[in-house]
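Sharing a structure with you now.
Naming convention: chains lettered A, B, ... in sequence-line order (proteins, then strands); numbering from 1 in each chain. Since this is a predicted model, take the numbers as computed values, not measurements.
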Number of protein chains: 2
Amino acid sequence: MPPSPKPPRAAGRAKPRQSDIARAAGVSQATVSLVLRGAATGVVLAPETRRRVLRAAEDLGYVPDPVATRLAAARNGMLGLYTFSTTFPTDVAHSYYPVLVGVEEEAAAQGQDLILFTGASRAADDSGDAAAVRRVRAADGCLFFGRHVPEDPIRRLSEDGFPFVYIGRREEPGISYVGADYVSASAEVAARLAAQGHRRVRYLRENDDAPASTDRERGVVEGARDAGLETAGLVERTDGGDVDARLARWRGEGVTAVITEETDTGAALSGLTAAVARAGLACPGEVSLALLGTATAAPAGAAPALGGEISGFDVPMREMGRAAVRLLLDLIEGEAAPRRHLLACEPVSGATIGPPAPAN
Amino acid sequence: MPPSPKPPRAAGRAKPRQSDIARAAGVSQATVSLVLRGAATGVVLAPETRRRVLRAAEDLGYVPDPVATRLAAARNGMLGLYTFSTTFPTDVAHSYYPVLVGVEEEAAAQGQDLILFTGASRAADDSGDAAAVRRVRAADGCLFFGRHVPEDPIRRLSEDGFPFVYIGRREEPGISYVGADYVSASAEVAARLAAQGHRRVRYLRENDDAPASTDRERGVVEGARDAGLETAGLVERTDGGDVDARLARWRGEGVTAVITEETDTGAALSGLTAAVARAGLACPGEVSLALLGTATAAPAGAAPALGGEISGFDVPMREMGRAAVRLLLDLIEGEAAPRRHLLACEPVSGATIGPPAPAN
DNA sequence: CTGAAAGCGCTTACAG
DNA sequence: CTGAAAGCGCTTACAG
């Protein structure tokens, strides 16, 4: 004998609902709702009625059903968070986390819950993403995060007027985002090196093109030019595997400082620090190093850092998360047209920038 | 002219519903529901109808509303995750994250979405939690995580037969959990110290009582006894601020090794390592150190570790997250009575345990 | 000031 | 095989 099919409700006194209270207090269910929601709608009830309803609610141990409340409110009180990963979650863990913290903080402050949409876990192509991105509509609106993004599904969302905002700058017009001002921050790093006396530096970036990388390169180049650094041969690209040879060559060319960028793979950075360590170079004694972006916590088992914090700037990940939530809510409320925010990055002095060694 | 009062819905055709599909496909809304839920109910529709409905759903980008689905007394394919924090999120960030990764992985593998329920942001008391915990019902079931837990709201959930599982051992009977076997792992650490030749050690734990801490202490005490360590004066409590004086005293008493525990505040551990550093003691040369639990990544700006990984054991956070998801799904399916799992912790040899310095 | 009605978006017997 | 109806528990105009 299978248990009764419908009621998954536990045996015993079922949960009281507004209609139970209404019966007990001799009023209508709608009145109960009005009393319980307080003067949210500005409605004022007769004190006596109020009292009776409140009393009955108390007696019955009434607790509103959150699901029904949300359905009736025409919003589900849930914000989506969709992360595009180039690799599997563990690797991007550290860059993902601070954003999540910010998003969660602000969501909590705004009384919103979060639906964590797991992107196409392992699918490298966009095919799996399309379906995954679609599911995002289950929320009132959605936050997107990740260097790369499947364009088609997103465009569709946009056309349908579904509210969403990117965390990170985007090229596509008409799309809201909250990003970091990489251009200014990167330029400032170049200027800092120049101020220390460097003239010939290299910017080692990754092959991977993403708005964040584009902005950093632009900042470095403009900053270098404005600060009087040499710009010829300034930028080089790597996948992280060939840095030793480059480093040797640079030394021969009289390069005294190297700037690199942080990405979700961390390839350029780890390649560079490893090469410097293998070459036995003192930092900043023999070569100054700077990093564009926040160095993510070293993965367990990684080589210890260069004996101190890397100089560069901090990306305000957490604040970006918070700002994105606020913007998304504005969008959901229908109050805002698409908007873009660029947040300033905090310079990090660190321990890896010093004056260049005297020319030999 | 105020905008139309009701629709907070974004301009344009936002979220399509079943009725929209019905209109497009020329069938009733109920038929749409039947088609979309698949043969879940065993109902078979005419292939042609099926096709038309599916097509329209696809065209419109339909996604079921999880809240409505749930209200209509069905499952919505979403699992909740609720975290109780003793302090604000940033501090527990690192202990929280590995669990989240595991939960997310397994949820994705099982085709479930994850709702992150945001707890009462700053409320230290249980009052705010009650309402927050209640919202959890929007999911099919929920995972709870955190050292401390508001008992009343949880009991309520339990009475109502709402499926949930704790991540971490719990005392309350009838509650499912997936925890770590701290007792065995802690005993093993004591045995390891004994095997190195230590006889007089101290266990420095925090004041905060939680099942995890209780279990660790029990393991240390039992392990010490079984391995022939002195047990008199073995356990001391701290809030992390007074370790220098203790350390000096211990040295005077002939203590050669100190065990401490990892918690979400990390107070005992950071107090201890700082004290050892200030005292200029070589580790493990002059004092061996062991940690019960996984050392969370050092917060940015923290003092560098003791020159290597701390000896102790690893808490299988990620695997706990995964196992908890699996158990929760069993519960939701109604297949399991409350169940408890204790996962083994992997010993970490580390670099901070060595033989005691010869007695002077 | 309060009640009756409609509706949030979906599921599920129950009739045709 | 499909449609019409009722209902999940609540909110919100709209009438009295």
Bracket notation of DNA chain D in which parentheses pair within the strand, [ ] cross earlier pairs, and | pairs with another strand (Watson-Crick or G-U, under 3.5 Å): |||.||||||||.|||
query: Whole-Å distance between D/dG9 P and A/Leu60 CG?
result: 15 Å
task: To the nearest Å, give me how far apart CD1 (B/Ile21) and P (C/dC10) are.
output: 8 Å
message: Please evaluate residues B/Thr83 and B/Leu116 with respect to the criterion side-chain contact (heavy atoms from CB on, under 4.5 Å), reporting the C-alpha separation (whole Å), side-chain torsions for both, the decisive distance (0.1 Å), and the verdict.
response: CA-CA 8 Å; B/Thr83 308; B/Leu116 234 56; over 6 Å; no
field: Sequence neighbours excluded - salt bridge (Lys or Arg N to Asp or Glu O under 4.0 Å) pairs with any residue from residues 107-116 of chain B
entry: A/Arg135-B/Asp113
statement: To the nearest angstrom, the CG-P distance between A/Asn76 and C/dC8 comes to 15 Å
Separation of D/dC8 P from B/Leu71 CG (nearest whole Å): 9 Å
query: What heavy-atom pair brings B/Cys142 and B/Leu328 nearest, and what distance separates the two atoms?
result: N-CD2, 3.6 Å
Residue-phosphate contact under 4.0 Å: A/Arg17 side-chain N/O, D/dC10 OP1/OP2: no
- request: For the residue pair B/Tyr166 and B/Phe144, categorise the inter-ring angle as parallel (less than 30°), tilted (30 to 60°) or perpendicular (more than 60°).
  value: tilted
- prompt: Can you name the ring-ring contact (aromatic ring centres under 6.0 Å, His included) partners of B/Phe117, sequence neighbours left out?
  reply: none
Nucleotide nearest B/Ala68 when distance is taken to its side chain, options C/dC10, D/dC10, C/dC8: C/dC10
- prompt: Is there a donor-acceptor pair under 3.5 Å between the side chain of A/Thr31 and the backbone N or O of A/Val27?
  reply: no
query: Rounded to whole angstroms, how far apart are CD on B/Gln18 and P on C/dT12?
result: 11 Å
- request: Taking ring-ring contact (aromatic ring centres under 6.0 Å, His included) as the test, write out the residues that go with B/Tyr177, two or more places apart.
  value: none
message: Please report the distance, rounded to the nearest Å, between CZ in A/Arg70 and C1' in C/dC10.
response: 17 Å
field: Contacts of B/Glu333 that satisfy side-chain hydrogen bond (donor to acceptor under 3.5 Å, both in side chains) - sequence neighbours left out
entry: B/Arg75
Nearest-angstrom distance from the residue atom CE of A/Met78 to C1' of C/dG9: 14 Å
- prompt: Within this structure, what is the CZ-to-C1' distance between B/Arg134 and D/dG9, rounded to whole angstrom?
  reply: 14 Å
Under 3.5 Å, which protein N or O atoms sit close to an N or O of nucleotides 3-5 of chain C? Give each pair with its distance.
unit_1	atom_1	unit_2	atom_2	d
C/dG3	OP2	A/Ser28	N	3.2
C/dG3	OP2	A/Thr31	OG1	2.5

message: A/Glu48 vs A/Arg51, test: salt bridge (Lys or Arg N to Asp or Glu O under 4.0 Å). Steps then yes/no.
response: CA-CA 5 Å; A/Glu48 170 53 19; A/Arg51 222 169 291 135; 3.2 Å; yes
